[in-house]
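Right, one structure below, let's go through it.
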Amino acid sequence: MSGTAVAGSRSPEARSGNELAATATKQIERAKRLAGIARSAGIQTAVKFAYSRITGTEIKEDIVLKPRELRFPITIKGNPSDIGNFNEIIGQRVYAMPASLSERIKGLPIVDMGAYVGISAAYFASRHPDSHVLAVEPHDRNFRMLSGNTASYGNQIDIRQAAFVPREGGVGRTILDAPDSHMANLYSSDGTENGDSRIATA
């Protein structure tokens with residue numbers, strides 16, 4: 001019986017092989033992400049980001065970027081959320097659209113709900129210079145950055161610190177223990193100062 005394999009079991013070699021493959025897949029995804037950041041935000045930013053992730057340290061200084069897709073420079077922090085947002089909008093071009101659809105938007109107002117730190121609003125304003133952009137963001141820290149990142153666009157971008165909720169009333173804020181300090185304030189729709197965290201995180 002010692003030489004008989006048990007159905008459904010895996011040998012140590014198979015397990016270690018699968019674990020190695022999973023680790024390799026994760027490393028490849030990280031490398032792809034860094035390559036994307038390097039393309040959109042520059043090699044120096046990608047290196048700083050990689051170093052901060054490896055060492056568990058925070059990038060203290062602001063990162064000022066001037067991609068060709070935007071008419072004016074924008075400022076982000078060196079955290080995964082800001083860098084990831086920039087990479088999605090500028091590097092991955094998640095808001096790019098066919099020329100035929102883009103032409104139909106010409107001159108029409110654009111509403112950017114959850115404008116975060118203003119990269120998307122700046123992209124819309126740059127892409128559609130004849131359109132007025134309304135950028136809405138409830139979070140205090142994000143709104144401050146949104147204000148700075150859209151100031152150069154003047155009256156073309158109108159910003160509001162607000163949020164849409166499913167029913168009439170105020171927007172409550174839930175304080176949660178989050179890994180990124182700027183994400184510690186999550187908003188709920190129950191109109192209280194300490195909203196139900198199940199609502200905030202759903």
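Hydrogens, waters and symmetry mates play no part in the numbers below; they use all other heavy atoms, side chains included.
- Proximity of I74 to F86: side-chain heavy atoms (C-beta onward) are separated by under 4.5 Å at one or more points.
- How far CE of M113 is from CZ of R160: 12.0 Å, rounded to the nearest 0.5 Å.
- For the residue pair T75 / D62, no side-chain donor-acceptor distance below 3.5 Å is found, with atom types taken as modelled.
- At distances below 3.5 Å, at least one donor-acceptor pair connects side-chain atoms of R71 with backbone N or O atoms of A125.
- The minimum heavy-atom distance between Y95 and I89, with the atom names listed, is CE1-CG1, 3.8 Å.
- Put simply, the side chain of V117 reaches to within 4.5 Å of the side chain of R141, judged on heavy atoms.
- Cluster annotation: I157 and L108 are assigned to distinct hydrophobic clusters (Ile/Leu/Val/Met/Phe/Trp/Tyr, side-chain heavy-atom contacts under 4.5 Å, transitive).
- Here S120 contributes atom OG and I110 contributes atom CD1; the two are 10.5 Å apart, rounded to the nearest 0.5 Å.
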- Item | Steps toward side chain to side chain contact (heavy atoms under 4.5 Å, CB included) verdict (L146, Y116) | CA-CA 7 Å; L146 166 68; Y116 193 50; over 6 Å; no
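- When every heavy atom of S126 is checked against every heavy atom of P129, the shortest pair comes out as O-CD, 3.7 Å.
- For the atom pair R93 CZ and R127 CZ, the distance stands at 6.0 Å (nearest 0.5 Å).
- Once rounded to the nearest 0.5 Å, the distance linking CD1 of I83 with CD1 of I63 reads 4.5 Å.
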- Check step by step if side chain to side chain contact (heavy atoms under 4.5 Å, CB included) holds for D140 and Q161. CA-CA 8 Å; D140 294 338; Q161 187 170 15; 2.7 Å; yes
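- Rounding to the nearest 0.5 angstrom, the gap separating the CD1 atom in I119 from the CD1 atom in I76 is 5.5 Å.
- Between Y153 and F72, the ring-plane angle classifies as perpendicular under the 30° and 60° cut-offs.
- Without hydrogens or angle criteria, Q156 side chain to H128 main chain gives a donor-acceptor distance under 3.5 Å.
- The shortest heavy-atom contact between S131 and I105 is OG-O, 3.4 Å.
- The shortest non-hydrogen separation linking A135 to A121 is CB-CB, 3.9 Å.
- Distance check, rounded to the nearest 0.5 Å: CG of D82 to NZ of K77 gives 8.5 Å.
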